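Please read the structure below before turning to the comments.
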Amino acid sequence: MKRHVRPYGDTTGDGMVQTSFTLPVPFGPKADGAAQQLANKMGIDPAMVVHSHAIGADFTFFVVYGSVGHIVDLDEVRVVEREYPLLSPSEVNTTLKKLLRRKLVVVGGCIGTDAHTVGIDAILNIKGFAGEKGLEYYRELKVVNLGAQVSVPELVRRARAEKADAVLVSQVVTQRDAHVLNTREMAAAFREAMGDRRPLLIAGGPRFDPLMAGELGVDRVFGRGTTPGEVASYLVHAVQTKKEGAA
Amino acid sequence: MKRHVRPYGDTTGDGMVQTSFTLPVPFGPKADGAAQQLANKMGIDPAMVVHSHAIGADFTFFVVYGSVGHIVDLDEVRVVEREYPLLSPSEVNTTLKKLLRRKLVVVGGCIGTDAHTVGIDAILNIKGFAGEKGLEYYRELKVVNLGAQVSVPELVRRARAEKADAVLVSQVVTQRDAHVLNTREMAAAFREAMGDRRPLLIAGGPRFDPLMAGELGVDRVFGRGTTPGEVASYLVHAVQTKKEGAA
Amino acid sequence: MALLDLDPKVVATARRLAAKAAEPVVAIAKAHTTVAVERATLRLAGITGADSTHRAGDVPWVNRVVDTVREQCGLEHGVVLPAFHALREHDLATLTELAEATAAGQVRFTIPEGRDRTRARKAATAAVTRGIRTVDRNRAQREKLVAKLGDPAQRPWIYLIVATGDIDEDVVQAQNAARAGADVIAVIRSTGQSLLDYVPEGATHHGFAGTYATQENFRIMRAALDEVSKEVGRYVRLTNYASGLCMPEIAVLAGLQRLDMMLNDSMYGILFRDINPIRTFVDQRFSRQVHARAGIIINTGEDNYLTTADAVEAAHTVTVSQLLNEHFAHEAGLPDHLLGLGHAFEINPKVPESFRLELAHALLARELFPDAPLKWMPPTKHMTGDVFNGYLLDGFFNLAGVLTGQSILLVGMMTEAVVTPFLSDRDLALANVRYVLDAAGGLRDDFRPAPDGLIVKRAHQVLGEAVDLLARIVDDGLLDAIADGTFGLMKRPADGGKGADGVVAKADGYCNPASDLLEAR
Amino acid sequence: MALLDLDPKVVATARRLAAKAAEPVVAIAKAHTTVAVERATLRLAGITGADSTHRAGDVPWVNRVVDTVREQCGLEHGVVLPAFHALREHDLATLTELAEATAAGQVRFTIPEGRDRTRARKAATAAVTRGIRTVDRNRAQREKLVAKLGDPAQRPWIYLIVATGDIDEDVVQAQNAARAGADVIAVIRSTGQSLLDYVPEGATHHGFAGTYATQENFRIMRAALDEVSKEVGRYVRLTNYASGLCMPEIAVLAGLQRLDMMLNDSMYGILFRDINPIRTFVDQRFSRQVHARAGIIINTGEDNYLTTADAVEAAHTVTVSQLLNEHFAHEAGLPDHLLGLGHAFEINPKVPESFRLELAHALLARELFPDAPLKWMPPTKHMTGDVFNGYLLDGFFNLAGVLTGQSILLVGMMTEAVVTPFLSDRDLALANVRYVLDAAGGLRDDFRPAPDGLIVKRAHQVLGEAVDLLARIVDDGLLDAIADGTFGLMKRPADGGKGADGVVAKADGYCNPASDLLEAR
Ligand code: B12
Ligand code: B12
Ligand SMILES: Cc1ncc(COP(=O)(O)O)c(C=O)c1O
Ligand SMILES: Cc1ncc(COP(=O)(O)O)c(C=O)c1O
């Protein structure tokens, strides 16, 4: 694979992209010009405003096609690479048993006012996701699923009571950055309540970027399409690392 | 209207845009990261890669949503403003009659290998476009429609033979910039053959930007959605200006 | 014209079983009241406003009064007796004054007896009657406006959501949506509201993924829609949510502000907000009585089951729930033409013949409830970030709505999996609906499911499964069925859930003029 | 199952009139040859390659020979007599050597007489027979591959266009398209090619909005598709264009390189490329004879009329043209199963009930030509830059194809109004088709146009108008009808148009072994 690539329309290097947006400008040639300007600022040049229509008296919607000059440098792409092996459920169980000689305790739920449990259930419930069984299926995991709309204080209390090794929170609603605010609040509460002895903190949801773990104050972030096996494998890896660190 | 505006998703100033493109990169987290990088370079930040799927083994298609930081400055928007009044057919006829005391001769066609006559016919044929009659309907215009795939030499020859006041060419195919190359070639040929006594040169087609007239070497460019009335009114205006210049 | 050839005997059995399954729950609902029912009653009696001096933020006066009454003399006799008795005792002119005095600790609530009781009851009845008259006037006003401006020219009615979190932005979006063709505007609520045990006050601007339901927001939006209704020449309806812990109060506010439809399901709160089942059934009954009086179309929430359960496997649970919702609604006085029973286009599009299966389900609902204004909900679960594909799927959803004669079409958004709708999403979605209605509006005439074909067989199968499940529910009890995860795979035991402590068994002398007036219809 | 209840007598009348209208034109076609027919004959006889020393760029050897023959002794006796005579006279081994000698001015062509004539004829027949055997072998090879790899699992077959202008990029796109589900790949030609009076040579990389049709490009793409056919486990068909001034030659090249379908319309070149009508009808007859021999499905171009004329007003002209194309094809030896008659979804989507009108037109074609592999063309004219809306429209086009049992579905692109398709456009378009086929594949079973409903009435009306128009054409003559703008509103007089000077009236002694062999079938 080449290091430098550009978008591909129908010819290598043509740079073609499609974009659409609304501007708060009445429909007309001036609006098209404004769309063209925006597209140019986005690096699309030449930009073709191929469609525009009025939305009410004050807005115009546009579709623009054109070629961007930007070059993607693949060496500069930062992604959270999975730094641990994907284990099968039985490998997870054997390793955990050896490491801990007790079940690993996982407490999960949706925090804040978020009631989207399907995602966390996909990770935790036996039923699982994408053909993989959820964490409840793993013999060496004890799973406590608190469900929806759990308040942060309640979560901390339950995590403490259950002696949780890991806390998994889901955040699906992202309007006004609710997911970011809630997760930060959660991380701060655990830090305050338990300091270094806090459990592993894991956040997940379709609009999280795994690169955000640091700024959110959690150990790991999982995004859209996560499978239970990835999470179980990570848990093993994290426990292992912790043990090694402690030893 | 404000001078500075940003794209509008659901809140003033949120800057939200949608974009989609393909990168020549195999599907996977790294590809998503590459898409994110490109979106960032386009000024979308934060950028959400909300969808990606493989196209074959070597390409990935993406849909990205996010907020652009760019601000559109409406004062900087350059559009070709109609600097002449829109006239009714009878106004066009009366004015031309007064100005010329003969019919104004218009020669039109699609040049190069372009065979898309619907656009030029929409302007020239009686039937017209968008409820307006075409130029053939105007008593004081003599229209010679050469149809499709007219070569440039043939066009120059006919324009000369007909003593054309204006030559209207249409270009619809734009792949590999065919429209730009053909139009430039046409303008150069008229310049060479007739110098200053060349007829008015008008180009039209859905992917032309009216701002391009200068670089194409023509007097005026009409884009998508042009109506016959606009063209007729422009002809009157141009003839008038020429007369005044000559006087 | 009936296309499925359903057996009327099977249909009658289904209805009989639903009634039987609902019976014990109706009995429970009648035997209890809740803090929310009592607050709703006082709101009908005229209390408004909030205690803005309270350190926990604005607390509505009605909560102060009901909470204090409960503390001091219990709610088992209802709130109006102690409240109106105290009003007279302390010589206060209005309920608001009573509330202020309550907050200041100056009022002592007791259950009046004998003549005091009669007097309090009378005063309360008079006050509540005034409230109900406002509701009646609003209903008449709606009828007048509809007569004058007209209903939408076509079925299905086009139902659009706004969800900015800010009532002022909502107004912009709603008016533009109406101009672009929306017949019904729903203002989605902020994520947290359903678990609040009070109704916020005033105009609000900071909801998360929705705007708070408040009386003032209702008023603002209704006024905005009245304005645009005139402009577009048809009466544009307004919808909100009578659900969550304040279901009955919000129903009252809707009646007072001339809302036209309300999301109001008999089980949604239990299943999807983990609200206590008894609380929900009690609140639900009262709120539906209010809706019946106000002429408000309710919208039920069966679509939600298909977001947590599989739309093919769980298809019959939708039918069962529709039949239960129908029964509860009838029992509370709602006629068929106010029953916006819900269902949804949520089959995984990868399932072979998914579109035909959708048609089977949609047609089954249509033929089971021929006079109900069915609400047809768009794909959500299988929408992805591929907005092109989403736009297509929404087009086929629209077509299914047209082919099966749905009454209210909730317009799907291509950005369903991405964000709450952009202005342009709504506009594009309406263009999609318009295309389908214009281009294929009459295609229903040419749609004749093959007898014994996939569609007919599937509809019969779902109905059969629904009857079986209803029989099991009759045997086990509806509350146990809910506890077992029958609906949407959510398991909700009867004694669990939020708001259970707001439920109160009625005493023998329980008095509630609102219930009496509404029940008397 | 017939849904329209067409009157078999009216249908028979329509066919009878079409045959009558075509008759004089067939007579003209038989009485003439063209430079292109003669070149095609020589190509069958084995000539290949080009004169790359010529200052005007590569000139195919076949053009040098035919032009020189014409100059020196005319073409009215056909090219093979003078050519093969010269071969022997000058003792040359191959036609290519003859061409080189011709270019060097060393050959003098004459019409052989007596034994010379017989010898030349025999040699030519032997050579042409070898060419035809290659065509036969390719046909057999196709049958073998189809038997081994299989045909597409579903109808309609999915037909996709590639149009990069560069054969190498085309290969990438075509293979990916096949992997994503395409059953047929069409390589669109460069804008200018149809007016070239020669076929370019070799692999090409610089077409405008399409790739030149050359023998080498055909070979490259067929090989690439053979490769991907194995991978995807079904025989992926290849399409190109036997149209323009080189129609017969390209038909021959297609037969020699095992192409599977060819765009080949009896009037397209006249109407949309302003090619001389007589030239077109002569070339068309020969090319169809070649296609018949090669087992190549032809695709006709009625869709184009609806881009210049209105799809509702001109619907009957499509039917008339299909009937004419059918007749010309039958006359040239093509059986029904090779007749990919064209029609299109081009009604303005703003027209009320546009989708049902599309269904009426599509079903009419289906029932008029039950055994023809109809080619169903997507919306193009009413596609705009609103790609979301375009994607939806394409979805309904796909649905119309499924509901009316079309055989070959040309996949529409959301960027139709913008650019020649991007890689991703094709991929998204295929996802659209897949959704519709999977989700609604069987919906045809439930589609029963209401008797006397809009669809049935419209179909009858269009057929009626077609019969009336055919009657008028029989009276006025087809050539005059074309001159009057009957089809696609394009007016093309019989003596106008490009390539007229390439038409030659056959002399009595005209000799063309290819015609003889093909005619003899
Ligand atoms: C189902 C659904 C609901 C159901 C939820 C039922 C339930 N019990 O969960 C119901 C109908 C109740 C609902 C209600 C609402 N919803 Co909702 N809903 C959806 C929907 C259609 C699907 C979500 C889903 O289930 N996805 C499937 C799961 C498997 O995917 P996932 O959540 O991404 O999870 C995966 C990964 O992200 C990851 N993951 C997720 N969490 C975690 C946690 C951990 C620890 C790990 C490791 C991994 C992980 O693993 C999972 C498997 O891969 C989406 C739209 C869509 N198509 O995405 C809207 C959507 C999420 N809802 C939305 C909204 C706004 C609401 C409401 C607030 C609307 C309202 N105002 O009434 C309400 C209220 C809900 C509330 N209080 O939170 C918005 C959110 C907008 C935003 N970005 O802010 C969406 C995007 C729709 C929209 N466009 O408006 N909703
Ligand atoms: C109709 C059509 C055809 C018809 C043309 C029939 C005819 N006699 O014109 C047929 C079927 C023959 C055809 C063939 C081809 N087409 Co074509 N065709 C179209 C289509 C569907 C519509 C164009 C149209 O008629 N628009 C309506 C008219 C009224 O609009 P308009 O042209 O924009 O004109 C307006 C203005 O632009 C302006 N205007 C235009 N010209 C002028 C001139 C003057 C002087 C003025 C003042 C104004 C003016 O005024 C008009 C009225 O407002 C478009 C796709 C689309 N939806 O746009 C593809 C399209 C233009 N075709 C395309 C192609 C590639 C071809 C082919 C080359 C394909 C092939 N390789 O075989 C062939 C060959 C044609 C050739 N040699 O040029 C591409 C061009 C891609 C590109 N941007 O380069 C398009 C965009 C489709 C696509 N996405 O691939 N086509
Ligand atoms: C029936 C019903 N009620 C209420 C709601 C809204 O939820 P909440 O009560 O959380 O505002 C929904 C959500 O779509 C619903 O379907
Ligand atoms: C029947 C037919 N032939 C040929 C063509 C291709 O045109 P050209 O001959 O210019 O390559 C088309 C275009 O779509 C067509 O429909």
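A note on names: the letters A, B, ... follow the listed sequences, proteins ahead of strands, and every chain is numbered from 1. The analysis underlying the following values was restricted to heavy atoms, covering all of them including side chains, and did not include hydrogens, waters or symmetry mates. Bear in mind the structure is a predicted one, so any value in this text is a computation, not a measurement.
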Nearest 0.5 Å please: distance from the NE2 atom of D/H205 over to the CG atom of D/D168.
5.0 Å
With heavy-atom distances below 4.5 Å as the criterion, would you say the side chains of A/L216 and A/V180 are in contact?
yes
Proximal component of D/V419, with respect to chain A [non-hydrogen, under 4.5 Å]:
side chain
Should A/V221 and A/D209 count as side-chain neighbours, where that means a heavy-atom distance under 4.5 Å?
no
So which bits of residues 45-59 of chain A come within less than 4.5 Å of chain D, counting non-hydrogen atoms only?
A/M48, A/V50, A/H51, A/H53
Please examine the side chains of D/L306 and D/K381, heavy atoms only from C-beta on, and report whether any two atoms are closer than 4.5 Å.
no
With side chains defined as the heavy atoms from C-beta onward, is the minimum distance between A/N182 and A/R184 less than 4.5 Å?
no
Side chain, backbone, both or neither: which part of A/F62 has a non-hydrogen atom closer than 4.5 Å to chain D?
neither
Mind checking whether D/F397 and D/F345 have parallel, tilted or perpendicular rings, split at 30° and 60°?
perpendicular
Looking at D/D226 and D/R222, is any side-chain nitrogen of the basic one under 4.0 Å from a carboxylate oxygen of the acidic one?
yes
